[in-house]
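Nothing here was measured: the structure is a model prediction, and the numbers come from that model. We use all heavy atoms of the structure for the numbers below, so side chains are in, but hydrogens, waters and symmetry mates are not.
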Amino acid sequence: MKIVFDNVKFQYDSMKRNVLKGISFTIDKPEWISIIGHNGSGKSTLAKILVGLLSPTFGSIYVNDIELNEENLYEIRKHIGIVFQNPDNQFVATSVEDDIAFGLENNLIEREEMIKRVDDVLNLVSMKEFKNEMPSNLSGGQKQRVAIAGILAINPEIYILDEATSMLDPKGREDFLKIVKMLKEEGKTIIMITHDMNEALLTDRCIVLKDGEIIKDAKTIECLNDYELLKSSRLEMPSSLYVYHELKEKNYDNKEVLNALWESALKK
Ligand SMILES: Nc1ncnc2c1ncn2[C@@H]1O[C@H](COP(=O)(O)OP(=O)(O)OP(=O)(O)O)[C@@H](O)[C@H]1O
Ligand SMILES: [Mg+2]
């Protein structure tokens with residue numbers, strides 16, 4: 001699935017200024033992409049535009065060379081799934097199980113297959129024992145797990161994960177990253193919005209947003225190794241790269257240690 005953003009601008013009705021100021025990028029192969037940027041830089045807005053929840057005030061979005069519009073939006077949404085930043089806003093049913101099943105009903109999946117899938121994805125996120133629970137009774141991290149399960153059940157071509165791990169405990173995060181790696185191997189495109197630079201470091205490509213503009217779109221290591229760029233966008237380096245540069249700065253010359261740090265930064 002190919003996605004093109006062509007000079008997309010966006011303004012919320014209540015605001016006088018553009019929140020996105022001419023965003024252009026292309027995704028034309030399965031990729032694991034991180035979108036990073038300071039609070040309010042426009043990441044969530046960009047994600048909502050990508051799934052058609054908001055429409056650009058200027059510019060166009062093309063999916064497989066067809067311009068996204070109200071008529072083809074429904075069809076395209078079947079291929080793009082999103083986990084929202086705030087897990088409270090994404091549940092529609094009164095039980096965890098029904099909530100996941102609801103997404104599948106919309107995709108016309110048969111009942112037996114549906115029950116199996118719901119169980120499978122709840123297992124993947126270690127939430128099976130909560131399947132009869134009301135989503136509103138869950139903790140923040142548990143809600144995030146269920147939201148992730150919901151999108152896994154639908155199994156779209158493109159996954160958009162807007163800070164989907166912000167409330168997960170270390171084990172939950174590790175499990176989540178394993179799942180993402182599996183999705184990547186299956187040839188999915190994963191767009192991960194994150195404030196965690198160590199997590200961003202795992203991705204192949206990185207888009208850096210600042211005040212509604214893309215200031216860099218490159219291989220992740222190129223973005224995250226650029227101290228000035230990160231600083232100007234109020235971001236920091238992943239810990240391994242930070243230590244690497246700190247040591248170099250201090251003329252530390254044990255090549256083995258430096259190499260090990262560099263390698264660990266590149267390790268996926
Ligand atoms: N519903 C809304 N109505 C008006 N303004 C909004 C709305 N949602 C977001 N904004 C504004 O748009 C700008 C971009 O917000 P957005 O949520 O896209 O940022 P973000 O990069 O996702 O930030 P964060 O890292 O805090 O999640 C902010 O200045 C915010 O105040
Ligand atoms: Mg956001």
Let me see the working for K43 and D162 under salt bridge (charged side-chain N to carboxylate O under 4.0 Å, His left out), right down to the final yes or no. CA-CA 8 Å; K43 305 178 298 295; D162 191 352; over 6 Å; no
Between F91 and M134, does a side chain to side chain contact (heavy atoms under 4.5 Å, CB included) hold up when you go through it step by step? CA-CA 10 Å; F91 301 110; M134 273 172 73; over 6 Å; no
Give the intermediate values and the outcome of side chain to side chain contact (heavy atoms under 4.5 Å, CB included) for residues K250 and E246. CA-CA 6 Å; K250 296 193 168 79; E246 279 288 295; 3.1 Å; yes
Do Y12 and T45 pass the side chain to side chain contact (heavy atoms under 4.5 Å, CB included) test, and can you show the C-alpha distance, the side-chain angles, and the key distance before you say yes or no? CA-CA 9 Å; Y12 286 101; T45 306; 2.8 Å; yes
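Ion pair K181/E185 not flagged as a salt bridge, since none of the NZ, NE, NH1 or NH2 atoms sits closer than 4.0 Å to an Asp/Glu carboxylate oxygen.
For the pair N254 (side chain) and E256 (backbone), a donor-acceptor distance under 3.5 Å is present. Formation of a donor-acceptor pair under 3.5 Å by the D211 side chain with backbone atoms of S41 is not found in this model. Under a 3.5 Å cut-off, the side chain of R117 and the backbone N or O of A153 do form a donor-acceptor pair. The closest donor-acceptor contact from the side chain of N72 to the backbone of N69 lies under 3.5 Å. S233 places a side-chain N or O within donor-acceptor distance of the main-chain N or O of L209, the cut-off being under 3.5 Å. A side-chain donor-acceptor contact under 3.5 Å links Q142 to the backbone of S139. Side chain of K188 to main chain of W32: no donor-acceptor pair is present (N/O by atom type, distance under 3.5 Å, no hydrogens or angles). Judged by distance alone, with hydrogens and angles left aside, the side-chain atoms of T194 form a donor-acceptor pair with the main-chain N or O of D196 at under 3.5 Å. Judged purely by atom type and a 3.5 angstrom limit, D6 has no side-chain atom pairing as donor or acceptor with the backbone of Y62.
Residues forming a side chain to side chain contact (heavy atoms under 4.5 Å, CB included) with S240 (at least two apart in sequence, or on another chain): L201, S264, A265.
Residue-environment remark: CD (E157) exceeds the threshold of 12 foreign heavy atoms within 6.0 Å. Sparse packing is recorded around CD of E70, with 12 or fewer heavy atoms of other residues, nucleotides or ligands lying under 6.0 Å away. In this structure, E112 places its CD atom where only 12 or fewer heavy-atom neighbours from other residues, nucleotides or ligands lie under 6.0 Å away. Counting heavy atoms of neighbouring residues, nucleotides and ligands inside a 6.0 Å radius, atom OH of Y242 does not exceed 12 of them.
Judged purely by distance below 3.5 Å, without hydrogens or angles, the side chains of T203 and T220 pair a donor atom with an acceptor atom. For Q85 and S44, the side-chain atoms include at least one donor-acceptor pair closer than 3.5 Å.
Smallest separation of non-hydrogen atoms from I160 and A47: CG2-CB, 3.9 Å. M1 approaches V63 most closely through the heavy-atom pair CE-CG1, 3.5 Å.
When the options L224, L229, I36 are evaluated for a side chain to side chain contact (heavy atoms under 4.5 Å, CB included) with K216, the one that passes is L229.
Between W262 and Y244, the two ring planes are tilted [angle within 30° to 60°].
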